[in-house]
Chemist: 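Below: one structure in structure tokens.
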Amino acid sequence: MATIQQFVLAKWRRFDAAVDATLDADSPTARAAIESAALARPDVSEAQLSILDFEQFVIGTVMLNRAFIAGETSEMGDWIQWALTNVPTDDFKHEMYVGRVEDFYRIRVIYEWPRFHDIMVAFFTALYEYARRRTAFLEVCVYLLPLALKTFYSAMERPPQFITGADIHLGTFILTWMAKEQPEEAADLAQRLEGFATAARLAKRQRYAFALALSTAGGSFSSRGSHHWADYAMRRLNAHASDMDRVQLNATLMRTDVHGSADAEALITLMEVARSRRSSGQTQVRVAREAAISTILVQPYFVKVLAMGRADLVLRGLQTWYRQGSVDDGPDSERLLVSLPFGESCSSYLCERQLVELARETQWPLLAVSRAMNSFLQTYATVAGADNSDLEIPERPGYPLEHQDGLIEALIDAYCPAGIEIPGDPSAQLILPTEGHPIQATQLQAWGRTWPIASSLARPRRDRQIRKALLWGGGDALSAGMELDMVEHALSKAGVRVVRPAPPTYTRELFLELYRDAAFDLVWVASHGEFDHWKPHEVQLELARHLPKVGLEELWGLAPETEERRLLFLNVCDGARFADPGLLPRVGLAPGLAAGCQATISHLWPVRLYPSAALGALLGHAIARGLSFFEAYVSALQGLAKPAQHVAKDLERLYGRRQDGGRFELVERLEMQEVDFSRIETWGSAAFFE
């Protein structure tokens with residue numbers, strides 16, 4: 001070390017300081033540091049510029065690795081871009097200078113830094129895993145693939161005692177990405193991993209890690225297939241398997257013949273062990289998010305038990321994996337409609353042990369509905385295996401259009417395809433995997449019927465008779481007062497005791513106290529919802545303009561446990577929205593707050609004032625008439641699917657006049673609206689969860 005020039009040591013100390021400071025930094029501090037490194041550009045030499053570029057890259061990579069470990073996928077996308085852009089901003093898309101990475105490998109003061117290899121391993125591992133999860137950064141990943149493989153292969157040339165778990169994971173994550181995005185190139189890497197999985201020079205734990213990776217979809221590109229490597233890992237090397245590994249391996253090995261039920265039961269037991277340990281000490285929202293992120297490990301189980309016609313095993317598997325509901329207090333699995341719209345070779349529908357399959361190429365309807373929903377909601381959702389290069393970044397993400405050509409046709413082809421007859425007599429449904437699409441409205445339009453979404457996996461209690469209702473008109477929604485005036489009128493006329501606090505008395509504590517009150521059979525909130533598509537777990541409900549918002553974490557589990565269930569209606573934007581991946585709609589206000597003791601209704605996207613208020617007025621009248629919660633929901637949806645002026649006439653017919661003889665303001669406003677609510681973009685926004 002004494003022969004190394006002082007300026008080299010100074011640069012290394014600078015890189016070390018960047019790592020160490022970032023390890024202890026919160027996100028805003030790291031963001032400020034990366035901006036400082038990125039902006040310090042004027043009047044510097046090319047060599048100095050590369051040092052600044054790498055310092056920025058180091059900060060971004062440390063934070064990227066932290067987000068990767070925490071499972072914060074959206075944050076990973078930010079740090080990947082911020083590590084390689086000129087000016088980090090809050091924009092969704094940045095110009096990335098990936099050529100800098102090649103420079104890092106050419107500049108000796110950078111390449112020979114003792115921690116360089118570890119930083120590059122961390123960056124490439126997180127990059128390829130993010131790209132696999134989100135079907136993103138394809139061009140970046142293809143461009144950097146030679147360097148990523150060079151980094152992996154150089155690590156594997158070391159003596160075994162110097163090969164780290166992170167080194168091995170780099171190769172395995174690249175393979176899982178290639179299996180999804182570059183299948184034509186995956187065979188060479190898969191065969192290299194085969195060699196490592198059987199290499200006598202490597203320790204058994206190292207061979208096991210490669211065998212585990214080959215037991216996934218990547219193993220299909222090996223000479224022996226995924227099933228062989230799962231069996232090899234279990235029989236020869238299973239002493240090194242974690243609880244979650246055992247779940248993954250057994251899901252791959254699970255049979256669907258006469259032994260299928262026994263294999264499924266054993267796998268559920270393994271799930272229980274793995275998930276209970278992983279969930280210990282975590283919040284319910286965190287448990288649900290982690291379950292969603294890791295569903296790739298157990299997807300084969302659900303595909304197989306569905307093919308076996310076993311909705312009971314689908315339900316128990318979801319309850320165990322998500323730590324929701326229980327065998328003794330779950331919905332009736334016999335009457336649960338389980339659908340898999342986008343299977344490998346067919347769309348499947350199961351109810352009452354009757355399995356109906358429509359053989360078709362499901363990639364095309366999936367791509368069509370994804371593109372139509374992207375255009376409608378101005379979102380950026382990609383589809384695995386498709387060319388996503390022509391997707392445009394929306395200017396206002398999440399703000400829906402009033403008219404989207406081809407939307408209903410794409411929705412029907414995806415979820416209600418011609419040639420399918422729903423088996424049995426469902427009482428609830430689950431769609432695997434699930435998306436925030438207007439599936440219930442689509443079913444109503446195509447089939448004339450739909451079913452609640454069983455997001456809580458709990459047995460729905462019998463609906464309460466509405467005797468006492470809470471009406472809360474938070475925020476500054478101009479239509480909230482008009483809506484609640486009509487709902488209060490209908491409920492009061494039906495003998496319901498209505499509690500409607502005056503806005504000046506609103507406090508956060510008052511709302512939480514009333515929300516927890518078991519005396520309320522109906523809780524109705526007409527306000528605003530705030531949903532970040534990149535951080536769905538941070539969805540919030542606005543109680544009043546001057547009050548702090550309340551989030552999902554705080555409300556989860558606060559509904560009072562009662563023998564019968566109440567109804568929670570959140571007439572707010574994005575209140576039914578969920579965006580975490582997985583098999584269960586759970587991380588969102590309405591899907592997350594649904595329980596056996598509480599049914600929920602809210603909107604899947606931002607809604608306009610008058611249609612949402614009209615839906616509320618229609619729902620309020622249906623409830624006052626004594627319809628069940630779900631029947632009232634269906635009635636309100638169908639009643640809204642008309643031109644605004646027709647809805648106004650219907651509401652005036654249903655409500656009549658106010659007690660003082662005047663007309664309801666909402667009716668008068670709707671009469672002046674020369675718009676048509678009958679497109680699914682308007683009337684189909686609400687979803688019902690239980």
Side-chain angles (χ1 to χ4, degrees), residues 68-69 71 118 121-122 125 129 152-153 155-176 179 189-255 259-282 290-291 293-301 304 317 320-321 323:
F68 170 54
I69 294 170
D118 292 342
V121 166
T125 300
E129 176 60 1
F152 169 62
Y153 290 140
M156 294 308 300
E157 291 171 358
R158 297 172 172 177
Q161 63 268 33
F162 298 114
I163 299 173
T164 68
D167 293 330
I168 294 172
H169 289 151
L170 171 57
T172 62
F173 279 114
I174 293 175
L175 178 62
T176 55
L189 179 58
Q191 290 168 17
R192 295 287 293 270
L193 265 58
E194 279 190 82
F196 296 137
T198 56
R201 77 178 186 91
L202 296 180
K204 284 187 176 181
R205 61 177 173 78
Q206 294 171 326
R207 281 181 269 159
Y208 166 76
F210 287 113
L212 178 66
L214 289 168
S215 73
T216 66
S220 63
F221 299 94
S222 72
S223 64
R224 300 185 182 183
S226 304
H227 192 278
H228 166 83
W229 293 108
D231 184 69
Y232 174 78
M234 286 294 293
R235 293 183 183 277
R236 304 275 299 273
L237 304 165
N238 77 350
H240 302 282
S242 68
D243 292 336
M244 295 292 277
D245 291 347
R246 295 179 196 280
V247 169
Q248 177 182 336
L249 292 168
N250 278 277
T252 300
L253 293 171
M254 182 182 156
R255 295 165 290 185
H259 304 286
S261 294
D263 286 358
E265 294 287 353
L267 186 49
I268 287 174
T269 300
L270 292 173
M271 286 187 201
E272 173 64 32
V273 172
R275 291 295 297 138
S276 62
R277 290 179 179 172
R278 186 70 67 91
S279 303
S280 178
Q282 302 279 2
E290 187 178 68
I293 292 168
S294 56
T295 50
I296 188 174
L297 303 179
V298 288
Q299 277 183 344
Y301 165 85
K304 290 173 182 179
T320 304
W321 192 251
R323 316 296 295 162

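Source: prediction; values computed, not measured.
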Chemist: Please round to the nearest 0.5 Å and tell me the distance separating atom CG of D263 and atom OH of Y301.
Modeler: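 OH of Y301 is found 11.0 Å from CG of D263.
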Chemist: Aromatic rings F196 and F152: how do their planes relate, parallel, tilted or perpendicular, breaks at 30° and 60°?
Modeler: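 Correct class here is perpendicular.
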Chemist: Report yes if some heavy atom in the side chain of V247 is under 4.5 Å from a heavy atom in the side chain of L267; otherwise report no.
Modeler: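 Counting from C-beta outward, V247 and L267 do come under 4.5 Å.
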Chemist: Which heavy atom in A230 sits nearest to a heavy atom in T252, and how many Å separate them?
Modeler: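 The answer is CB-CG2, 3.8 Å.
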Chemist: Take R277 and E272, measure what salt bridge (charged side-chain N to carboxylate O under 4.0 Å, His left out) needs, and give me the verdict at the end.
Modeler: CA-CA 8 Å; R277 290 179 179 172; E272 173 64 32; over 6 Å; no
Chemist: Backbone N or O of R236 within a donor-acceptor pair of the K204 side chain at under 3.5 Å?
Modeler: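 No; zero donor-acceptor contacts below 3.5 Å.
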Chemist: Does the pair D167 and R158 meet the rule for a salt bridge (charged side-chain N to carboxylate O under 4.0 Å, His left out), with working shown?
Modeler: CA-CA 11 Å; D167 293 330; R158 297 172 172 177; 3.6 Å; yes
Chemist: Donor-acceptor check, side chain of W321 to backbone of R275, threshold 3.5 angstrom: yes or no?
Modeler: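 Between the backbone of R275 and the side chain of W321 there is no qualifying donor-acceptor contact (under 3.5 Å).
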Chemist: Ignoring hydrogens and angles, tell me if any N or O in the side chain of T125 forms a donor-acceptor pair with the backbone of A122 under 3.5 Å.
Modeler: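 Judged by distance alone, no pair lies under 3.5 Å.
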Chemist: To check you understand the geometry: which heavy-atom pair defines the closest contact between Q248 and S215, and what is its length?
Modeler: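 Closest heavy-atom pair between Q248 and S215: NE2-OG, 3.7 Å.
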Chemist: Would you say that more than 12 heavy atoms from the other residues, nucleotides or ligands in this model lie under 6.0 Å from the CG of L253, or not?
Modeler: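 Atom CG in L253 is crowded, with more than 12 foreign heavy atoms closer than 6.0 Å.
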Chemist: Please give me the minimum heavy-atom distance between A241 and R246, naming the atom from each residue.
Modeler: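 Shortest heavy-atom separation between A241 and R246 comes out as O-NH2, 3.4 Å.
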Chemist: Could you tell me how the ring of F68 sits relative to the ring of F173: parallel (under 30°), tilted (30 to 60°) or perpendicular (over 60°)?
Modeler: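 Perpendicular: the ring planes of F68 and F173 meet at over 60°.
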Chemist: Is there a donor-acceptor contact under 3.5 Å from the side chain of R224 to the main chain of W229?
Modeler: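 Here the side-chain-to-backbone pair does not exist.
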Chemist: With rounding to the nearest 0.5 Å, note down the distance linking CG in L249 to CG in L297.
Modeler: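 The CG atom of L297 is 10.0 Å from CG of L249, to the nearest 0.5 Å.
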Chemist: To the nearest 0.5 Å, what is the distance between CZ (R205) and CG (L237)?
Modeler: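 If we round to the nearest 0.5 Å, R205:CZ and L237:CG are 12.5 Å apart.
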Chemist: Could you check if a side-chain atom of V121 sits within less than 4.5 angstrom of a side-chain atom of H169, using non-hydrogen atoms only?
Modeler: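 V121 vs H169: side chains apart.
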Chemist: When you measure from the side chain of S222 to the backbone N and O of G218, does any donor-acceptor pair fall under 3.5 Å?
Modeler: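 Here the side-chain-to-backbone pair does not exist.
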Chemist: In terms of heavy-atom contacts, does CZ of R201 have more than 12 from other residues, nucleotides or ligands at under 6.0 Å?
Modeler: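 Check passes, neighbour count above 12.
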Chemist: What are the two closest non-hydrogen atoms of D245 and H240, and how far apart are they?
Modeler: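 It is OD2-O, 4.3 Å.
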Chemist: Got a donor-acceptor contact below 3.5 angstrom from the S276 side chain to the V273 backbone?
Modeler: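 Yes, S276 side chain to V273 backbone: donor-acceptor pair under 3.5 Å.
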Chemist: Could you grab the distance from atom CG of L214 to atom OH of Y232, nearest 0.5 Å is fine?
Modeler: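 Taking CG in L214 and OH in Y232, the distance rounds to 10.0 Å.
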Chemist: Which heavy-atom pair separates A213 from T172 by the least distance, and what is that distance?
Modeler: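 That would be CB-CG2, 3.2 Å.
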Chemist: CD of Q282 to CD of E290: how many Å apart, nearest 0.5 Å?
Modeler: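 So the gap between those two atoms works out to 6.0 Å.
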Chemist: Do you know the tightest heavy-atom contact between L189 and G171?
Modeler: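 Of all heavy-atom pairs spanning L189 and G171, the closest is CD2-O, 3.9 Å.
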Chemist: Got a second to check how far L170's CG is from L175's CG, nearest 0.5 Å?
Modeler: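 Rounded to the nearest 0.5 Å, the CG-CG separation comes to 11.5 Å.
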